Amino acid sequence: MARMKFLCDSERCIECNGCVTACKNENEVPWGVNRRRVVTLGDGLPGEKSVSVACMHCSDAPCMAVCPVDCFYHTDEGVVLHDKDMCIGCGYCFYACPFGAPQYPQSGAFGQRGKMDKCTFCAGGPEVDHSEEEFKKYGRNRLAEGKLPLCAEMCSTKALLGGDGDVVSDIFRDRALKRGKGGEMWGWGSAYGKPEPGTKKPEVKS
Amino acid sequence: MSKFAIALLITVFGLSACGDKEGVVVYKQGSYSGKTDGKPWENAAFAGDKSKWDNSIRARGQNQNESKRIGD
Amino acid sequence: MLIKKSSADSNTARRGRLSRSIQGTSYSAQLPEAIDRRTFLKRSGVGIGAGAFASQLPFSMIDKAEAMGSKPKGSDAVEIKRTVCTHCSVGCAIDAEVQNGVWIGQEPVFDSPLNLGAHCAKGASVREHGHGEMRLKTPMKLVDGKYQKISWDQALTEIGTKLLDIRKKSGPDAVYWIGSSKHNNEQSYLLRKFVSFWGTNNCDHQARICHSTTVAGVANTWGYGAMTNSYNDMQNAKAILFMGSNAAEAHPVAMLHVLHAKENGAKIIVCDPRFTRTAAKADQYVRFRSGTDIPMIWGILYHVFKNGWEDKKYIDDRVYGMEKVREEVMKWTPDKVLEATGATEEQLFQIAKTMAENRPSSIVWCMGQTQHTIGNAMVRAFCVLQLALGNIGKSGGGANIFRGHDNVQGATDIGPNPDSLPGYYGIVPGAWKHWAAVWGVDYEWIKKQYASEAMMTKPGITVSRWIDGVLEKNENIDQDSNLKAVVYWGMAPNSQTRGKEMLEAMKALELLLVIDPYPSATAAMAAKARKDGVYLLPAATQFETVGSVTASNRSLQWREKVIEPLFESKPDHVIMYLLAQKFGFEKELTKNIKVTNNEPSMEDTLREINKGCWTIGYTGQSPERLKLHMKNMHTFDVKTLRAKGGPCDGEYFGLPWPCYGTPEMKHPGSPNLYDTSKHVMDGGGNFRANFGVEKDGVNLLAGDGSASKGADLQFGYPEFDHVLLKKLGWWDDLTEEEKKKAEGKNWKTDSSGGIIRVAMKVHGCHPFGNAKARASVWNFPDPVPVHREPLYSTRPDMVDKYPTHDDKKAFWRMPTLYKSVQQKNKDVGKEFPLILTSGRLVEYEGGGEETRSNPWLAELQQEAFVEINPRAANDRGIRNDDWVWLKTPTGAQLKVRAQVTERVGSDTCFMPFHFSGHWMGEDMLQYYPEGAHPLVRGEAVNTATTYGYDSVTMMQETKTTVCQVVKA
């Protein structure tokens, strides 16, 4: 069974925002709501590093744990989704999330929070696959087309990887092995609670 | 869940109960009670064929591995 | 770099790139901070400002989905159209999903050997073109200071009448035609033909202000003015030196190849006045003073020579004039280099050592080197470094010159250039006769269209100087009339320097015509400057038409039409045809080209290009071959670009030019230029014999044994013509048909292609001969590159030591000043002590109107800014995010946000050049046509840039000028 994961290789990320735009394009997310963004650390200084951040679809997701209306669920593929019809826009998940993933579109004249919106791993939501309803509420359902999130598929330097955790960590491990160093990926431990793939003892591949 | 979080939870729930949106949703504490979602292979494209879907996902995954395309 | 616009009165408001403000030395120590809620709130755009901004937009999330016609992929059939990104020169392929004529999805093309499915922000956003609201929707006319909608008929009639009137009154040279590097090959070629039939050489396009110095410098060094290798080939490099290129922002997908190479052990070196995003990925970074590229390069070469690291055999066999270079280089001792550049002996020694010990090593340059008054010399210095190391003509080596726009290479090769007909034939009578024959029109007829034969063979005014063509005193210019009308056909005005004077020039015109998919800053500036006499015509984008596009690596790709032209827009070649009708030469324009509903066939146009462009091998790329490549991308190897099996077996992807001879000759294209390790029919070659066979008694032909693999002539030889063929006894290898056409001709003018076929296919020789590269280019002002200070320098001591050129009188029809400007401004540094330089941001492109009209991109960077070092900022009482005035010696001042950052040194300020729509503190929103303004507007750096032009090509100086910054 595939277990979907994201991984951003900060040795590769050049902060081009291709992932951010791909997400906007595919899911038609409105201005001001950013399911994905790129964070740069040590900007303009030697050692500058960038990482692309969105919902990491945690194995033990804090958002799920704190949601007062229990609108979150894990799909069999490990994608964390939520039912917008249930969401009350309270913002709890936002406090809980270590990655700052939940987003709230403004609604109304007083800037009340709308229903929470976040990265769906391009897996739509709890509506009929490819329905108008699903697209309006959650965006495109690429997984149901047998495709992976567009942000990862379009990454300019293939820094952002998304897909079955085994495949993703294999790709990253091979790279780390070639570089002779590893572990420059970010968030894996917090999100998935396993050792980072780059720090695994590399197998020697023929 | 920490006691603090539960306390916060109750507060929020309490507040929302006082709000003007009553009965937004019926839920059961601690478990998802929204609409059920289908499997990604249960649609016209894959006609329920999970292994076909698995293969497609695996192939797309390897597209992100430029070494595979480059051959080194 | 997402920064949301926050409330203006908040001190914590972040301008522009939020992430840029998170500074620190330790990566891991920053992590918790990076994702804390406070930071995130600001980043998430929940702020007041962001909301206010969002409310300007015509859509909410759900409304938007409907407005755009975006639908889930339901039951209706989805067609896939393959096209190519229109932003930069990497040539990223795109699969567009189209349903019922609506562009509903964009898929990566993993099969593409160029980009392997990868995109930067711009590439990932192109679908927005399919439903963008912020476009010019109908023809418009400026009436009483406001744009009014008019019909195409009315527009064409009025424009046609006015232009013909000006032509009658002031002659054909009174109209200036600015073409576009955004046009496809066929359109840019047609435009050169169109302008010729109008009767002037006054035409130009982005390449003038982009890589003109490269093209001239490099072509004069070894033959062709283009990137020698490819993005892909950089994977074979063992070291790569970037100087004047910020590929991570300007060519992000190139970094896929570069970082892959790095992981395979290649050393990455970046020299730049700014610590760029590319520098962040480098093994070595050296900061240096803007404008001192030659001392830097000579400083590196000094160590190469001193340690005997030069490739002596290569230099003996394949390079002319290296000893003269050596004399100049050895004057640049480390102390002098340090004084001029700020780089130390140790730093430059390390670069020299890395480049020498990790061969093949490659170099990359872009605007950082080209846009200087001595740009032609800077790029040649870089070439010389590669020649000394023996890196040219080698896979993994080369001069990897990254072009800017998607088709700036193609437009340079065959488009509207003021000094050449398509294919670098020049504008001498012989060139005109060659093209007249290809076009099927009478040479005498073309001559009659011109004011005189003298004007027909005199290079036109360059786009960098059109403003002087309007404003300069008539007795000082080298043509009869001043310019009375200007046509902006797919170019941004804010990419040219001296914006303040441009506004004056716009005022003085009789007619300004803007043809563009986006209203462009031209429209706004014009409406600010005048009340009438301006027309706007909506052009279609490249996604709304078909045609070929040439990537930086010289590969051609064919775009399919994704959608029909939106609103009332028309493809550029349709507009060309309609205007030609008004001028009465539409039949001559399309003699060999089928026209359907006023649309000249792009396939036929390419076939005509194939019949004429022998010089640079634009002859083998028939539409059929290109289309076959687009369908079989997966068969091409990524590192070599060569197809392994399949229908394109043995060919290189996109038949990178030169792809010599007729399509039937099946030349595979040339992946790496001047590569002697391959047979010419496998894409091999050698340096071009374009400068005679000897100079002052020194042989210019290549040394013995130094020829392409398998050539019958294993020594240097001149270019092929009918005489040489006969002398060699190869004349009878021609067919009788070929003989008839080849008699009296050379390889460039033989319309049968027979001379090329015999030289290459039968005898394995290069049609352009086999000569040495020139380290000393005797026909240029400085044959061996020497450092000269910019006209506006903060260092009077350096001006004394390294003064600029003398003033020139009639240079590209214009008086052009050097020394007089420099002397007058010798002490300009007292009032303007900071160096001002400019460059790209990843989310925008060129003048930026198109990308700033795209909400997916515009959201990423919402304000113009200036980068200033903390030391310079503190000395001026400026804090991060303060509003500041940036002032320059032209009297211009720009109101921008201060980005206080160590990215720039304390003597330098940087501004991105993609902004327009603010004019010295004023928002120009009111001047745009209603509903067609870019979402994000800001000050254009070029409103404030100063005078200064390259001494060979008239390239403008944008990279080194001076400024002062004060708190607003």
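Owing to the predicted nature of the structure, the values given are computational and were not obtained by experimental measurement. All values below come from the heavy atoms of this structure, side chains included, with hydrogens, waters and symmetry mates left out. Just so we're on the same page: letters track the sequence lines, and every chain starts at 1.
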Given the options P126(A), G163(A), C155(A), which has more heavy-atom pairs under 4.5 Å with chain B than any of the others? P126(A)
Engaged part of F72(A) at the chain B interface, taking heavy atoms whose separation is under 4.5 Å: backbone
Residues in side-chain hydrogen bond (donor to acceptor under 3.5 Å, both in side chains) contact with N43(B), at least two apart in sequence or another chain: none
Between L160(A) and chain B, which part of the residue has a heavy atom less than 4.5 Å away: side chain, backbone, both or neither? backbone
Using salt bridge (charged side-chain N to carboxylate O under 4.0 Å, His left out) as the criterion, list what pairs up with K39(B), not counting sequence neighbours. D76(A)
Against the six-membered ring of F6(A), is R36(A) placed for a cation-pi contact (under 6.0 Å from the centre, within 45° of the normal)? yes
Given a strict heavy-atom distance threshold of 4.5 Å, which part of M4(A) is in contact with chain B: side chain, backbone, both, or neither? side chain
Is K158(A) reaching over with its side chain to a backbone N or O of N65(B), donor-acceptor style, under 3.5 angstrom? no
